Amino acid sequence: MVPDSSGQAASGYGARSGWSREHAGRIERTTDNTAPIFYPPATEQAPDVHVWDTWLLRDRDGTIAEVDGYRVAFSLTAPADLLPGKRHDVATIRYFYSTNGQTWHNGGPVFEEPLGQRTWAGSALYDDGEIYVFYTAAGEQGADELTYTQRIVGASGGRAVTTDGFRIEGPWTHHELIRPDGERYEREDQSRGMIYTFRDPWFFEDPATGETYLLFEANTPVPEGSDTCGGDAAQQAFNGSVGLAHSPTGDPLDWEPQDPLLDSVCVNQELERPHVVHRDGRYYLFVSSHMHTFAPGLAGYDALYGFVADSLRGEYVPLNDSGLVATNPANAPFQAYSWMAFPHREEVLVQSFFNYYDFDADSLDLVSELSEDEQMRRFGGTLGPTLRLSVEGTRTKILGTLDHWEIPLPDEDLPPTDRELFRRTGDSGRESYHGSGT
Ligand code: FRU
């Protein structure tokens, strides 16, 4: 148990730790967890493509890699003239590079022939000069129609070439790493839920043990007729989990699935893009989830949720009692999604993509009722402003924002936070803080 924890760990269903209905029942917007309104960026960094889920090239220990002065981001992308809702069907991983963490250049698609019908998220490792990209192969190659099977893949053989600008070159070899076994991790044909998941691999080296892991988003199978949550079949269909695989040798292409770290049976269907930030000897496990993926009887938001434990396997205690760490303001509930947290000095920074702004509805599904022009107009399709977070024990607090696409390296100074500025000028008003924009 986390030493100074005031929160309560709950047991999972197939995992050691769980996100319980009691925890999730406490989700509520506060000044500490609500981001200010975001506005579109002054300059569009990648005008030709929609950009959403993004991850950084990192060293084995999780530090943002610096390759001859360049930092590198990988993103899911699709042509900018595509209706945003269709982008998942053609998602392609592109890379972006930057020398200052503010201006980014589009390097183009990473792969010529990845596995799957389309490629979903994602993490990347820079190891001894070699680039590994872990991704989700969604859909079966060769099928006429789009399919929703998901496999976790590792691509090896990438190199950065920095003579004459920056580029990433192969030849890549694509290795299928993990498929769901149907026991720890649900297969698509077992799914009773709304959106099946087995995706989003995240490389993590445990600094306490030096052991190498891959986290991923999955679902825990709950047999039909089980008495879990009082036998409520409608609730049981919501069974998101954070999966875990271990590499016995440290080889980034050799994985053995283990029990999930955490699950949310009867709570939420999608624990997306799970990742860990190690801080003060603790393990902060973050996931993104949606308003519409909470089980019946629960109300949550599109938000970054988090849990903390004193070892990688837990027990995990939900942050801020409910798990809610950062969400969008009530009048722009879908302005950002797919948060990715990374440590920066005393803070944790949180990058996300700019999703549907100027859209205040009860569900993201209602986007499809807008005209196509309006769907295009209201979709950000670029990276959002980076959030600044303080993280102490089981408590977190949004301190302010950086710019869209701003990714500082660990040794780079940051300006005073919005909250520090307000303290200095004597203005502590909540309205002003929330009106500060980007
Ligand atoms: C989150 C997500 C990921 C998935 C991707 C597909 O934004 O659902 O879990 O890899 O989008 O586009």
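One-based numbering, in listed order, for ligands and for the atoms of each. Everything numeric in this text was worked out from a predicted model, so none of it was measured.
- Listed by number with element, the atoms of ligand 1 under 4.0 Å from a non-hydrogen atom of L76 are 5 (C), 6 (C), 12 (O).
- In summary, the side chains of N219 and T197 do present a donor paired with an acceptor at a separation below 3.5 Å, with no hydrogens or angles considered.
- Per-residue contacts place E217 under 4.0 angstrom from the following atoms of ligand 1 (heavy atoms of the residue considered): 9 (O).
- Here the heavy atom of the protein found nearest to atom 1 (C) of ligand 1 is D53 OD2, 3.1 Å.
- Relative orientation of the F166 and Y97 rings is tilted, given thresholds of 30° and 60° on the angle between their planes.
- Distances below 4.0 Å separate heavy atoms of H88 from the following atoms of ligand 1: 6 (C), 12 (O).
- In summary, the atoms of ligand 1 found under 4.0 Å from a heavy atom of Y337, numbered by their order in the structure, are 1 (C), 7 (O).
- Here is the list of ligand 1 atoms found below 4.0 Å of a heavy atom in E272: 1 (C), 2 (C), 3 (C), 8 (O), 9 (O).
- The aromatic rings of F111 and W172 sit perpendicular to each other, their planes meeting at more than 60°, with 30° as the lower class boundary.
- Between F134 and F203, the ring-plane angle classifies as parallel under the 30° and 60° cut-offs.
- Of all the heavy atoms of R87, none lies under 4.0 Å from any atom of ligand 1, so neither backbone nor side chain is involved.
- At a 4.0 Å heavy-atom cut-off, ligand 1 does not touch A91 at all.
- The ligand atoms of ligand 1 that sit less than 4.0 angstrom from a heavy atom of D200 are 3 (C), 4 (C), 9 (O), 10 (O).
- Seen from the ring of Y148, R118 counts as a face-on cation partner, given the 6.0 Å and 45° thresholds.
- Between R199 and ligand 1, a contact under 3.5 Å exists for at least one N or O pair.
- Polar contact with ligand 1: absent for R273 (N/O pair, distance under 3.5 Å).
- For ligand 1, the polar-atom distance check against A121 finds a nitrogen or oxygen pair separated by under 3.5 Å.
- Taking the six-membered ring where the residue is Trp, W19 and F294 present perpendicular rings, their angle passing 60° and hence far from 30°.
- The closest side-chain heavy-atom distance from E217 to P274 is below 4.5 Å.
- Using cut-offs of 30° and 60° on the angle between ring planes, the pair H275 and W202 is tilted.
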